[in-house]
Number of protein chains: 2
Amino acid sequence: MNSLNLAIVEDDPEVRWLLSDYLRRQPGLNVVLVSESAEDFLAELPDGLSPHVVLLDIGLPGLSGLDALPLIKQRLPQADVIVQTMFEDADRIYLALSRGASGYLLKSTPLGQLPQAIREVAGGGSSLSPVVARRVLAHFKPSPQPHAAALSPREQQVFEALIDGLADKEVAQRLGLGLETVRTHVKNVYHKLHVSGRIELLSRAARGQL
Amino acid sequence: MNSLNLAIVEDDPEVRWLLSDYLRRQPGLNVVLVSESAEDFLAELPDGLSPHVVLLDIGLPGLSGLDALPLIKQRLPQADVIVQTMFEDADRIYLALSRGASGYLLKSTPLGQLPQAIREVAGGGSSLSPVVARRVLAHFKPSPQPHAAALSPREQQVFEALIDGLADKEVAQRLGLGLETVRTHVKNVYHKLHVSGRIELLSRAARGQL
DNA sequence: AACTCCATCCCCCAAATGGGGGAGGGGCGC
DNA sequence: GCGCCCCTCCCCCATTTGGGGGATGGAGTT
């Protein structure tokens, strides 16, 4: 079980050779399949063979790595896929992660860090290049509402209750207020946030636009 | 500019000593401030001094690292904060990241990896322990709705329109249907997804619970 | 043929919602 | 003192929403 089965999908012959050659030398790593395209990979994959980790290039001709990801995860649900690419744009990163990638390494990653990244991923972790990680974290922050500042303390509380999906009546209970009071606050929140009602409010919140 | 100013906030005396001692020895790293609490850190911080990176423990007595994060980012907007902790629960990770942490390292991280992580962060990247990274990535995936499968094609369309915040009438227009038809589909969607109305639906969608 | 699911549309009704309005009291700043 | 904002509560009214019922026709299964 110490032997980690690894598959490599990479179109550039030189890179492919470098990668497979280097990784083959690593103790505990077992390169079981090397393909030059996602189509080839899926076709060549023997039924019995299930790599623990797949190193997947994104800039593939034909079926792109991004499009191949769901197919690979379907064929090998328990395998972890590390996406390797020179692209570091938020869209591609987001796509790769939402399609089940367990790692996202830039091609600029030193070869020497690959074995560790592969072991981390196989061990239930994830490996992200620093630049990529920063992009990912950026998706978590944007909370600071420029609007929220305009909301009075009470309105802020009411706002949060609305986000929680409460009805006016329930908000009144939670905050110990009269129904009519809550209705007043709610209307004020709508005005200050420039929304027409709780549905628009929630649908924007769902998109992180608030 | 090659010298990286580093501040350390850590309550455990032994760990504090180990960290500061080890990091002080690293070439290019300059430990400029070591505090045993967030309060001390904010108080001791000279006005002219702006560390590039702050190593922040989360399990602090008094003001927790999590609560201190926003204050630190306020005082030092350009500084990158690396959170260091033994906690790996999703809540704390999420909180730390949404409050502006640029890195999240577990206490189990080998000392030897710290300098690299610090340099990566200072260089505009982010550093996450593998386990943490996996947790973070999990937040990106969950799209595949187990429910969605149960929705008929029309219902799926209606569902998406609801997420977009449309009213019944607007859904009818978008899909070229009669209002009553839409109302029927909407009700069916509610039943199949076990929600009581669009507010619960949207508020769950906002939390990624759908 | 009988059954089930889907899509389309219709009706009724009670509750919740949004958009207006107003009013009294408290606090803060000028 | 006067104005302004916040908090509290009240009323009216048109629309929307949820929940319940039912009807028709088509497609697919058994």
Side-chain angles (χ1 to χ4, degrees), chain A residues 74 143-210, chain B residues 70-71 74 143-210:
Chain A
Q74 193 175 6
S143 30
Q145 307 102 339
H147 320 284
L151 292 184
S152 76
R154 256 313 189 224
E155 286 163 354
Q156 182 66 31
Q157 290 181 305
V158 171
F159 168 76
E160 284 162 14
L162 289 181
I163 294 293
D164 287 343
L166 302 190
D168 290 353
K169 201 191 294 179
E170 298 168 316
V171 179
Q173 280 205 311
R174 179 196 280 197
L175 300 180
L177 294 176
L179 174 60
E180 288 305 324
T181 309
V182 171
R183 279 166 62 72
T184 302
H185 288 312
V186 167
K187 290 170 189 174
N188 289 335
V189 168
Y190 293 163
H191 286 146
K192 290 192 179 177
L193 299 187
H194 306 296
V195 294
S196 66
R198 57 228 293 141
I199 282 133
E200 185 182 345
L201 188 149
L202 282 165
S203 116
R204 289 210 181 168
R207 273 189 216 76
Q209 295 181 12
L210 227 57
Chain B
L71 303 177
Q74 194 176 6
S143 28
Q145 307 103 339
H147 320 281
L151 294 184
S152 76
R154 254 313 189 228
E155 287 163 353
Q156 181 66 32
Q157 291 180 305
V158 171
F159 169 77
E160 285 162 15
L162 288 182
I163 294 294
D164 288 343
L166 301 190
D168 290 352
K169 200 191 293 180
E170 297 168 316
V171 179
Q173 281 206 310
R174 181 196 280 197
L175 301 180
L177 294 175
L179 174 60
E180 288 305 324
T181 309
V182 171
R183 280 166 62 71
T184 303
H185 288 313
V186 167
K187 290 170 188 174
N188 290 335
V189 169
Y190 293 162
H191 286 146
K192 290 191 178 178
L193 298 188
H194 306 296
V195 294
S196 66
R198 56 227 296 143
I199 282 134
E200 186 182 344
L201 188 149
L202 282 165
S203 115
R204 289 210 180 169
R207 274 191 216 76
Q209 294 181 13
L210 226 55

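The shown structure was predicted, so the numbers you read here are calculated from the model rather than taken from an experiment. Protein chains get the first letters and strands the later ones, always in sequence-line order, with residue 1 at the start of each.
Between the side chain of A/E200 and the backbone N or O of A/S196 there is at least one donor-acceptor pair closer than 3.5 Å.
Qualifying side chain to side chain contact (heavy atoms under 4.5 Å, CB included) partners for B/T181, counting only residues two or more places apart in sequence or in other chains: B/L177, B/H185. With sequence neighbours excluded, no residue forms a side chain to side chain contact (heavy atoms under 4.5 Å, CB included) with A/Q173. Residues satisfying the side chain to side chain contact (heavy atoms under 4.5 Å, CB included) test with B/I199, not counting sequence neighbours, are A/R198, A/L202. Partners of B/E180 under the salt bridge (charged side-chain N to carboxylate O under 4.0 Å, His left out) rule, at least two apart in sequence or in another chain, are B/R183. The side chain to side chain contact (heavy atoms under 4.5 Å, CB included) check on B/Q157 picks up B/R154, B/L175, with sequence neighbours excluded.
Atom CG in A/N188 sits roughly 8 Å away from atom P in D/dC6 (whole-Å rounding). Atom CG in B/L179 sits about 11 Å away from atom C1' in C/dC10, given to the nearest Å. In this structure, A/Q156 atom CD and D/dC7 atom C1' are separated by 16 Å, rounded to whole Å. Rounding to whole angstrom units, NE2 of residue B/H185 and P of C/dC6 are separated by 11 Å.
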Let me check something: any side-chain donor-acceptor pairs from residues 158-165 of chain A under 3.5 Å, sequence neighbours excluded? List them with distances.
from, atom 1, to, atom 2, distance (Å)
A/E160, OE2, A/Q156, NE2, 3.1
A/D164, OD1, B/R207, NH2, 3.3
A/D164, OD2, A/R174, NH1, 3.2
A/D164, OD2, A/R174, NH2, 2.9

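Between the CG atom of B/L193 and the CG atom of B/L151 there is a distance of 5.0 Å, given to the nearest 0.5 Å.
Here the closest non-hydrogen pair linking A/A205 and B/A206 is C-CB, 4.4 Å. A pairwise comparison of heavy atoms in A/H194 and A/R204 identifies O-NH1, 4.4 Å as the closest pair.
The phosphate of D/dC9 (OP1 or OP2) has a side-chain N or O of A/T181 nearer than 4.0 angstrom. Using a 4.0 Å cut-off, some side-chain N or O of A/K192 falls inside it from OP1 or OP2 of D/dC6.
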Hey, what are the protein-to-nucleotides 15-25 of chain C N/O distances that come in under 3.5 Å?
from, atom 1, to, atom 2, distance (Å)
C/dA16, OP1, A/K169, NZ, 2.5
C/dT17, OP1, A/R198, NH2, 3.4
C/dT17, OP2, A/D168, N, 3.3
C/dG18, OP1, A/R198, N, 2.8
C/dG18, OP2, A/Y190, OH, 2.7
C/dG18, OP2, A/R198, NH1, 3.2
C/dG18, O3', A/S196, O, 2.8
C/dG18, O6, A/R183, NH2, 2.8
C/dG19, N7, A/K187, NZ, 3.1
C/dG19, O6, A/R183, NH2, 3.1
C/dG19, O6, A/K187, NZ, 3.3
C/dG20, O6, A/K187, NZ, 2.7

Once base and sugar-phosphate atoms are separated, protein heavy atoms under 4.0 Å mark nucleotides 25-30 of chain D, 5' to 3', with B, S and - as ------
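Note on the helix from C/dA1-D/dT30 to C/dC30-D/dG1: angle between the axes of the first and last five pairs equals 40°, rounded to 10 degrees.
Residues from residues 170-178 of chain B lying near DNA chain D, meaning a heavy-atom separation below 4.0 Å, are absent.
Listed nucleotides: D/dT8, C/dC6, D/dC6. Nearest to the side chain of B/S152: C/dC6.
Considering only heavy atoms from C-beta on, A/V186 comes within 4.5 Å of A/D168 through its side chain.
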